[in-house]
Amino acid sequence: MKNRPFRERMGFALEGIRTGWRREASFRTQTMLAGCALLALLVLRPAPIWWGLVAVTCALVLALELLNSAMEAVIDLLHPGIHPSIKIAKDMLAGAVLTISAAALVVGVAMVVATGPAFLAEIGL
Ligand SMILES: Nc1ncnc2c1ncn2[C@@H]1O[C@H](COP(=O)(O)OP(=O)(O)OP(=O)(O)O)[C@@H](O)[C@H]1O
């Protein structure tokens, strides 16, 4: 299974994203929020640094959500029953997603605060 051609590995990765989209409501919500962030970038046209910051934080949220779902799937397969250690692991995974989501929110608000006034002036408001 190791060292498959690049095209094939790319196919597995895209399949993983498709599965995340199909199975996880929170991944779909976060993808749509990332789409809103892209729309805000296109409208506000901030400096390139903001494009980088928004892209990195949105990508981290989506990547961590996929990792969270993957870990949960493996945990549930290995131990389908209730266990305090599973609670700890799942809560920590959820905490990781929450942490980066809070950072993404801060970046979004900071971008609007920094670039909003110039945009409003540009459209004559
Ligand atoms: N097997 C388990 N043993 C103990 N506690 C569990 C177990 N499964 C889930 N929990 C608890 O229930 C919470 C929610 O679990 P669940 O698997 O539904 O995760 P979720 O974050 O809601 O997942 P999803 O992303 O699929 O919506 C976990 O954070 C954990 O506190």
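For reference, positions follow the sequence shown, starting with 1. Whatever order the structure lists them in is the order used to number ligands and atoms, beginning at 1.
Within the 4.0 angstrom cut-off, atom 21 (O) of ligand 1 has one or more protein heavy-atom neighbours. At a distance under 4.0 Å, no protein heavy atom can be found next to atom 27 (O) of ligand 1. Atom 24 (P) of ligand 1 lies below 4.0 Å from at least one non-hydrogen atom of the protein. In this structure, atom 11 (C) of ligand 1 is not in close contact with the protein, since no protein heavy atom lies within 4.0 Å of it.
Listed for the Arg4 side chain is no donor-acceptor partner under 3.5 Å among the backbone atoms of Arg9.
When hydrophobic clusters are built by joining Ile, Leu, Val, Met, Phe, Trp and Tyr residues whose side-chain heavy atoms come closer than 4.5 Å, directly or via intermediates, Val109 is not grouped with Leu44. Hydrophobic clustering (side-chain heavy atoms under 4.5 Å, transitive across Ile, Leu, Val, Met, Phe, Trp, Tyr) keeps Leu67 apart from Phe27. Side-chain heavy atoms closer than 4.5 Å link hydrophobic residues (I, L, V, M, F, W, Y) into clusters, and following such links, even through other members, never connects Val106 to Leu62. Under the 4.5 Å side-chain heavy-atom criterion for ILVMFWY residues, no single connected hydrophobic cluster contains both Val54 and Val56.
Counting protein heavy atoms only, atom 3 (N) of ligand 1 is closest to His83 N, 3.0 Å. In terms of protein heavy-atom proximity, atom 7 (C) of ligand 1 is closest to Ile86 CG2, 3.9 Å.
For ligand 1 and Asp91, the ligand atoms under 4.0 Å from any heavy atom of the residue are 28 (C), 29 (O), 30 (C), 31 (O). Numbered from 1 in the order shown, with element, the atoms of ligand 1 that lie under 4.0 Å from a heavy atom of Glu24 read 24 (P), 25 (O), 26 (O). If you number the atoms of ligand 1 from 1 as listed, the ones under 4.0 Å from a heavy atom of Lys87 come out as 4 (C), 5 (N), 31 (O). Atoms of ligand 1 found under 4.0 Å from any heavy atom of Gly81, numbered from 1 in the order shown, are 1 (N).
Atom OG1 of residue Thr99 and atom CG of residue Leu60 lie 11.5 Å apart, to the nearest 0.5 angstrom.
For the pair Leu41 and Met111, the minimum side-chain heavy-atom distance is below 4.5 Å.
Distances between N or O atoms of Lys90 and those of ligand 1 include at least one value under 3.5 Å. Ligand 1 has a nitrogen or oxygen under 3.5 angstrom from a nitrogen or oxygen of Glu72.
The environment of CZ in Arg22 is crowded: more than 12 heavy-atom neighbours from other residues, nucleotides or ligands sit within 6.0 Å.
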